[in-house]
Structure formats: C-alpha cells, structure tokens
Number of protein chains: 2
Amino acid sequence: MKVEEALQILKEHGYKYTGKREEMIRICAEEKRYLSAKDIMERIRELYPTLSFDTVYRNISTFVRLGILEETELEGEGRFRLACSADGHHHHHVICTECGKTSSLPGCPMNVMSSVPDDFQVTGHKFEVYGMCKECVAHAN
Amino acid sequence: MKVEEALQILKEHGYKYTGKREEMIRICAEEKRYLSAKDIMERIRELYPTLSFDTVYRNISTFVRLGILEETELEGEGRFRLACSADGHHHHHVICTECGKTSSLPGCPMNVMSSVPDDFQVTGHKFEVYGMCKECVAHAN
DNA sequence: CTTTAAATCGGATTTGTTCTGATTTACTAT
DNA sequence: ATAGTAAATCAGAACAAATCCGATTTAAAG
C-alpha cells in the first residue's frame, strides 16, 4: 500500500487530514518492518516533538481498523506495518524477532486446510514464521 | 499431557514439588481451553485463598519454559493450556476467541511450505485459527 | 470568517506482568 | 528424625503498554 492510498482510505471514511497522520503512515511506509508504537513515536518526534502517546495509539488503532496497518505482537507489545496483503492477494510473512523485518511467504495455509472442525464458526487466522534475518544473525556474532 | 507427566518433568529438572504447582497443573488439565493467569488465579484460590499472583505468573512461565504449558495471546493477555503437541505429533488449534476452547487441526502448514526465504534463519512459527465455538455462538444470540 | 465536530494534548489511570526483600517450605545430608 | 540450604512463596511496590479524561486546538464545511 502507498501513502496516498492510505490517506484516500482515511478521507473516504470521513477522517480529517492531519500532518501527523500522514507522517505516521509515511514512517511505516519507509520499511518492510513491524514497528512498535514506541518506534513510531520516536521517529515522528523528529517532526512533531510534542506529539502525545495518545495520538499515536489512537491513530494506530484507527489505521488497523481501516486495514491501513497490519498488527502483530512481539514480546508482549503490539507491532505494526503498512498493510500489504490488501495490495495483491492474501499472504503471510516471515518475521525477524530481532528487528521486525519481514519477507513474504507464498500462499496461505487455509487453502490447504482440508478440514476445520465444523463446531467452530471461523472468523480469522494467523500464520507467522519467526526467525532472524541475515543482518541480525551477522550482528549477533 | 497428564498431570503426572507434568510433575515428572518438573522433578527431572530439579524443581520442587508443591501442592500449589500440582493444583495449577490440575486446573489446566481439566479443560481443553486456553486460560488466562487470572482464570487460573481464581480457581486456585478455592484451595489456596492466599496465593499471590507472583506465584501464579512465576510458575506459569516455568511451565511454559519446560513445555508443560502452551502459550498464546488473546486480547492483549497471555493465555495458557496444557501442552498436547508434545503428546503425539506436532499440530495446531482452532481457538474460540470467547471462551478459549480449542480443537485440534490436522497437520502443520510448515510441512507444505515449499519455500521459506533463505535470508532468514527460522526459529519457530505460529498457526492459529480463530472463531467461535458452537456454545458461544448459541450464547451470543 | 464562523462554526463545529474531530483531533490533539498532557497527564492521570488502568491492566497485565515482573521485581524485591523478607519469610516459609521442600528436600538433602547428617 | 533433624538441621541446613536452596528454592518457593508472600505482599506489596514497581513497571510498561495501552487507554481514558477534560481541556484546548484545528481541519474543513457552510
């Protein structure tokens, strides 16, 4: 997803344009990585030094609700990245547990799941592969 | 896994036997569900009314480390259930997001993953299907 | 330009979890 | 059995992530 698309989605849903929102999205768009709220916080403060957590958290959760950001959880804290599943077709990621960097995986296990117990009404699923990226492996030695 | 096996694992690793530990494991063994620390807390207090949360959390994390409990995370809080992957072969679950009830899924997506990017050193994975169990669906109407 | 609802601020609050130092308890070796 | 010791537990403080609150500012519609 591109920054412009994200801003368009906000507009379509009646949210106001603010420089802070754009900058948050821009920061997320810069890297194929999961960022924590704190990460985003730190970076955005270069431009908006007085921005409060509340704003960051509130906007993040709006973005997640609108499908602009994808969410996961690493070491007990939420991590976010610009949605990419929305772009082409649905897929999943390998995630570096050190730096949050991601790489796409082909396909989705749900396609090959022959049978899901019929006493469950399925609402979603999560498939994530964890590991260390080349850079973090090198760095660890 | 059975309560006795779990206690055996503790013993093998040099942990002491305590009634509180046994009771915690017993509580988890009673149901095929993910329980929160608070859930376990409430139930164990029937038998040990003064037990502190520190003990519950510390023991839980010991159990997880030893593979006695499996861990996941629902709505920002840790949830635990007696390990069952250890029993037979490795598998995954459908989890009811209302009550934590689980049902096993056949197979593991990693087996059919043709290619994982080779710039990642894989350390683990998570595959969970979420939904509502029959009882919770009925209850919601 | 005015109006107004949404967005932000800053700080307090909540919630899940972990830490700390003192006390108790399960096990080991006498 | 008993004493010694390391582990387990306790109670409450501390912590970190996230959310809530009332007051203030701001985007955008008229």
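Naming: A, B, ... by sequence-line order, numbering from 1 per chain. Bear in mind that the values here come from a model prediction, so they are computed numbers and not experimental data.
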How sharply is the helix from dC1(C)-dG30(D) to dT30(C)-dA1(D) bent, taking the axes over five pairs at either end and rounding to 10 degrees?
30°
Please report the interatomic distance SG(Cys84(A)) to CG(Leu69(A)), rounded to the nearest 0.5 Å.
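Between Cys84(A) SG and Leu69(A) CG, I get 11.5 Å after rounding to 0.5 Å.
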Rounded to the nearest 0.5 Å, how far apart are NZ of Lys20(B) and CD1 of Ile44(B)?
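Lys20(B) atom NZ to Ile44(B) atom CD1 measures 8.5 Å (nearest 0.5 Å).
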On a heavy-atom basis, which atom in Thr72(A) and which in Glu128(A) lie closest, and how many Å separate them?
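That would be OG1-OE2, 2.7 Å.
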For a quick test of reading the model, state the closest non-hydrogen atom pair linking Pro117(B) to Leu105(A) and the distance between them.
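Closest approach of Pro117(B) to Leu105(A), heavy atoms only: CD-CD2, 3.7 Å.
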Using whole Å, report how far NZ of Lys11(B) lies from P of dC27(C).
8 Å
Calculate the interatomic distance between Arg79(B) atom CZ and dT15(C) atom C1'; express it in whole Å.
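Going from Arg79(B) (CZ) to dT15(C) (C1'), I get 14 Å.
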Quick one: label Tyr17(A) by what it contacts on the DNA or RNA (base, sugar-phosphate, nothing), any heavy atom closer than 4.0 Å.
sugar-phosphate
Just checking, any donor-acceptor pair under 3.5 angstrom between side chains of Glu22(A) and Tyr17(A)?
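Present: a donor and an acceptor within the cut-off.
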Before accepting this row, confirm whether a basic side-chain N of the pair Arg81(A)/Glu31(A) lies closer than 4.0 Å to the acidic partner's carboxylate O.
no
Taking the six-membered ring for Trp, are His125(A) and His92(B) ring centroids under 6.0 Å apart?
no
Shoot me the first and last contacting nucleotide of DNA chain D against chain A, ordered 5' to 3', at under 4.0 angstrom to non-hydrogen atoms.
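Contacts span dA17(D) to dA28(D), reading 5' to 3'.
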Side chain to side chain contact (heavy atoms under 4.5 Å, CB included) evaluation trace for Tyr130(A) with Val94(A):
CA-CA 6 Å; Tyr130(A) 305 107; Val94(A) 201; over 6 Å; no
Does any N or O in the side chain of Arg79(A) come within less than 3.5 Å of the main-chain N or O of Glu71(A), such that one atom is a donor and the other an acceptor?
no
After noting the C-alpha distance and the side-chain angles of Lys101(A) and Glu135(A), does the key distance pass the salt bridge (Lys or Arg N to Asp or Glu O under 4.0 Å) rule?
CA-CA 10 Å; Lys101(A) 204 168 92 174; Glu135(A) 287 79 9; 2.8 Å; yes
Determine, for nucleotides 2-13 of chain C in 5'-to-3' order, which nucleotides have protein heavy atoms under 4.0 Å from the base (write B), from only the sugar-phosphate (write S), or from neither (write -).
---BBSBBB---
